[in-house]
Amino acid sequence: MKKLSTFALLCLSFASYAQLPKVLTSLDSVFKPKETIALDLSNQKFKEIPKEIFTFSNLKSLDLSGNDIKVVPGDIKKLSSLEVLKLDSNAISSISPEILKLKNLKGLSLGNNKSLGEQSVLEAIVYLKNINDAAVADALLKAADGNLLKPVSELRGDKLPIWKSTTHSFGFVNHTGTGATISDATKITADAGLKNSAIKLTLDLLYVEDYPGSGRHRVLIAFSGKNQINDDTREQVNYAVTKTVQEGQFAGTKSVPMVVGLRVGKEGVEFKCSTTNVKNENDEKMMEIMDSEVASDGLKLLSTVNPVIPIVSNLVSGIGKMFLTRNENKLIQDFNFGLDFGTNATKAKLAEGSYIVAQTGEDTFKWSDWKISDTNGNIVSKTNPDLRLPYNYLVFSISKVQL
């Protein structure tokens, strides 16, 4: 049987999702509060949560986004059946710890789709308990010292997860042999021969030291960037691949082409990358399709005019955003990666080779302290070869291709 195209496979899977249930959008329309299970009161200019809501004992979904609510009172505990609470785009300054008594709460949003480290302690706790990672949830709660609105990345203390960091360090290796020295990507010399050329971007490795949950992880790795068609025109490019990985291990050794023929402008190239920890079972099924041979050949940009590119790009972008609407899925790593030809000491430079992007979160981190092992290719300490790089990281390769 002839293989379906990547576009056809993703469309079929995308179309299989059920529509969201209908919800009531006004308190005035509610005659039987105890029979109401979903209520959308977004963008109603509320200054506080209406007290009537706390009588909805069977309410499962409550959307209060887009208001001007500042306080979530202790009465929130009365909504014992609540599973989803949306408070995005409010002015929340205080949340009662009584909200932690909502044992059925699976999804809580206070802002836009940010990485887990950028989210509040409360959002992270709800997510962690939903995926049965109560020990880490308790560690975050202890470190927060009562401040449930504090960003996870700002917590300090013992036994905190590596994934809380929002800071990444960028290393560079100019060849793939073992024993290679790793340089800070901001300190290398750019390859001027790549100006106005086409490059191939390959995902070589994903290493998971510490992700939420335990054991096996399904990870969606999403890429987006700009393809320089000519001096005045750039097109948006989105692509994604999936990996299965155990904590403390690599996600296989096979390199995966992500974009082939990405045109570099005279200033350089910039792209955005993210990893999403996927725990939703339905989304895992879609990832199996995305992980198939026909969906893992990379997005080919070798022809100047390719009508498939915007279709696939928009579809992949839509799937990524859809994944993040699931309570069980969370962004873990989210970074911008700009590579240019300048001499600015704070910017990474563009050259052919391998780039290592590690979720270090430390201002004192130095790539000069690390190397690629002579024996197994792992990233290890120069002074203690038995110590592996203790962070989540990805390795990308960039090479020049002929148009």
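For the numbers below, each heavy atom of this structure counts, side chains included, while hydrogens, waters and symmetry mates do not. The first residue of the sequence shown is numbered 1, and numbering continues consecutively from there.
Tyr127 and Asn329 are not linked by any side-chain donor-acceptor pair at a separation below 3.5 angstrom, with hydrogens and angles left out of the test. Looking at Ser165 and Thr167, their side chains never bring a donor and an acceptor atom within 3.5 Å of each other. For the residue pair Ser115 and Glu118, a side-chain donor N or O sits within less than 3.5 Å of a side-chain acceptor on the partner. Counting only N and O atoms by type, the side chains of Glu235 and Asn227 include a donor and acceptor under 3.5 Å apart. Between Thr202 and Ser397, the side chains place no donor N or O within less than 3.5 Å of an acceptor N or O (distance only, hydrogens not considered). If you check the side chains of Glu247 and His217, you find a donor sitting under 3.5 Å from an acceptor. Counted by atom type alone, Ser373 and Asn378 present zero donor-acceptor pairs between their side chains at under 3.5 Å. For the residue pair Thr360 / Tyr393, no side-chain donor-acceptor distance below 3.5 Å is found, with atom types taken as modelled. Remark: the Gln228 side chain and the Lys266 side chain contain no N/O donor-acceptor pair separated by less than 3.5 Å.
One finds a salt bridge joining Glu98 and Lys77 here, because a Lys/Arg side-chain nitrogen approaches an Asp/Glu carboxylate oxygen to under 4.0 Å. The pair Lys366-Asp369 fails the salt-bridge criterion, with no side-chain N (NZ, NE, NH1 or NH2) lying under 4.0 Å from an Asp/Glu carboxylate O. Under 4.0 Å is where a charged nitrogen must lie from a carboxylate oxygen, and between Asp283 and Arg326 at least one such pair does.
In Asn384, the CG atom is crowded: over 12 heavy atoms of neighbouring residues, nucleotides or ligands sit closer than 6.0 Å. Within a 6.0 Å radius of NZ in Lys60, no more than 12 heavy atoms belonging to other residues, nucleotides or ligands are found. Around the NZ atom of Lys47, the shell of radius 6.0 Å holds no more than 12 heavy atoms that belong to other residues, nucleotides or ligands.
Pairing each heavy atom of Val219 with each of Tyr211, the nearest pair is CG2-CE2, 3.8 Å.
Each of Leu149, Leu148, Leu140, Ile92 was compared with Leu122 under the side chain to side chain contact (heavy atoms under 4.5 Å, CB included) criterion, and only Leu148 meets it. Each of Asp204, Leu339, Leu394, Val395 was scored for a side chain to side chain contact (heavy atoms under 4.5 Å, CB included) with Tyr355, with one residue passing: Leu339.
Inter-residue side-chain proximity for Lys114 and Asp334 is flagged as unmet; no heavy-atom pair is nearer than 4.5 Å.
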